[in-house]
Novice: 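Sending over a structure as structure tokens; questions will come in a sec.
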Amino acid sequence: MNGSRAAALTVAWRLASFRSRLEGLPAFPIVILGTLALLAIFADFIAPHDPQVGLLGERFRPPAWQAGGSTAHLLGTDHVGRDVLSRLIFGARISMTVGFTAVIFAGVVGTTLGILAGYLGGWVDQVIMRVTDAWLALPALTFAIFLAAIVGPSASNIVIIMALVYWTRYARVVRGEVLSLKERDYVRLAIVAGCSKRTIMKRHILPNVVNSSIVLATLMLGVVIVTEAALSFLGVGVPPPQPAWGLMLADGKKGLMAGYWWLTVLPGLCIMLMVLSANLLGDWLRVKLDPQLRQL
Amino acid sequence: MSDTPLLDVRGLTTHYVSARGTRVTRAVEDVSFTLRDGETLGIVGESGSGKTTLALSLLRLLPPGARIIAGAIRFEGEDLLAKRESEMRHIRGKRIAMILQDPMASLNPLFTIGDQVGEPLRVHEGASRRGAWERARELLGAVRISAPNARVRNYPHELSGGMRQRIVGAIAISCGPRLLIADEPTTSLDVTIQAQYLSLLRELQRAQGLALIFITHNLGIVARMCDKVAVMYGGRIVESGPVRRIFGAPAHPYTRALIESIPKLGDSNGRLTAIEGQPPDPAALPEGCAFHPRCPVRLEKCATERPRDSVVGDEHRTACWLHG
């Protein structure tokens, strides 16, 4: 009896502290990202049409509210008669997965290597940073095409390619930060107190650089999605019948001059909303992770 | 108390060698001293006299390029210079603790006080997070922080300078060390907090029976805190002995000059006497006695021959030709 009460109290306390942690969570990005996530997960049930099959007779239908549009295709159809709304919904699945996983992959790899290079110094630093220099000297897009040509185009390969291309950005920023952090007195105190290098990197360096990594990640999200679009446009990205926002944007470009604006503006709007939401969320997280800002 | 001293340093020599090995800076040269349980040793000297390098040598935490060339450090009978790095890690923070020059900046802004005070316990004694917090509360009480139960949950920026200072003290004593090295722990504090902090250190020292090495350039603090003093100049100890002897009958001209340059209350007619000249460049120390270019009573051989260490009284030694 007493035990279960205590357990109930613990649960209540956990819930309360979890809620206080979410305090101040900005509504806008949560609503946008939540909606996109739901659309992505339940795409099969929500989407009115098959995103990969079109009717040539229904080509270039404008959105329903424009002259010539119909309620069958709320957001119109593309150059092969596929339903734009359905493609956007299914596209959320690919774009969100590719975008977020690629950014997180690159972030984890880059941050880890950046901390190792900055904190350990010496030959570790030399090796990691020279590789990073060489990496950065290659134009990102060319490099991505090169990698895509080797491993072949598919959604999962794109994630790996993006992580491989962009980890260097994190490593650079993080290493610089670590160089200044490791001269701080609290890192010195940890050394004097007998902490191992691993403990220091994990407990004193990592929490202090994670902020920069998050901010960089929210910026990189946009870059990754646009690069993915470019790869798709060049035929080495997500393979064409599949709907990805970047790919739709690239395809739609051909119709832009002919006045088929919905083919570019709508996927562009989706990308913009996602990146903006990620930015706002990252900003909130940054404040939340800093005890000094948290109280303001 | 046993006969073997807690810390026995013999002929310790630490040099900084430049990358190509062309430039050698003799930061610490042939330094010897002993320290018994519960004793306080003050190490006094100008900037660049090798005080901090000496402290870091004791913990074997030298920056890259610095190397201990010769000498022996015996702590509780064990040879610290023969230890592997992993063994040294178990000594740092557990048996020898250190307080850094700027304790205000010694706390990680992202962790609560409880986490930071408990960290050495978790590292050295494998305490659980909960157990470490429990001990942290007691330690905060020991360093006289009011409401320790609330304070453990605070972040460093929520506390005043004096409190942060005390917390750094609590971190230092958390594992019950035998020796505490304090490297100018009060230079960044204002005078009123300084006094409080010093009495706290003394109190902790008495309560825990720990030996203290107090590195400072402030002779007033030395007079108040220490049992023994070692005066460093140009990387060497030029005079050492009990506090009373050093202040009452300084043997080395440098010590005498240092004591004369302390402003005294009520002494309004005389101007402060400063020591002429500049402290020597540790990378290019003068021949003979390092102090001879600035010495008011130098002899001819001071410029050519290094003075030997000579006994001038009970445990009172100096390296000066006037006494050699």
Novice: Measure the spacing between CG of B/Leu110 and OH of A/Tyr186 and express it to the nearest 0.5 Å.
Specialist: 6.5 Å
Novice: Which atoms of B/Ile91 come close to chain A, meaning under 4.5 Å heavy atom to heavy atom: side chain ones, backbone ones, both, or neither?
Specialist: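 For B/Ile91, there is no contact with chain A at all, as no heavy atom is under 4.5 Å.
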Novice: Could you list which of residues 189-198 of chain A have a heavy atom closer than 4.5 Å to any heavy atom of chain B, in residue-number order?
Specialist: A/Leu189, A/Ile191, A/Val192, A/Ala193, A/Gly194, A/Cys195, A/Ser196
Novice: When B/Asn108 is tested against each of A/Arg184, A/His204, A/Arg203 for side chain to side chain donor-acceptor pair (under 3.5 Å), which residue passes?
Specialist: A/His204
Novice: Within a reach of under 6.0 Å around CZ of B/Arg95, are more than 12 heavy atoms found that belong to other residues, nucleotides or ligands?
Specialist: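 Buried by this count: over 12 neighbours within 6.0 Å.
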Novice: Does CZ belonging to A/Phe105 count more than 12 external heavy atoms closer than 6.0 Å?
Specialist: no
Novice: Looking only at heavy atoms, which two atoms of A/Asp185 and B/Ala105 are closest? And how far apart?
Specialist: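 Between these two residues, the closest heavy atoms are CB-O, 3.2 Å.
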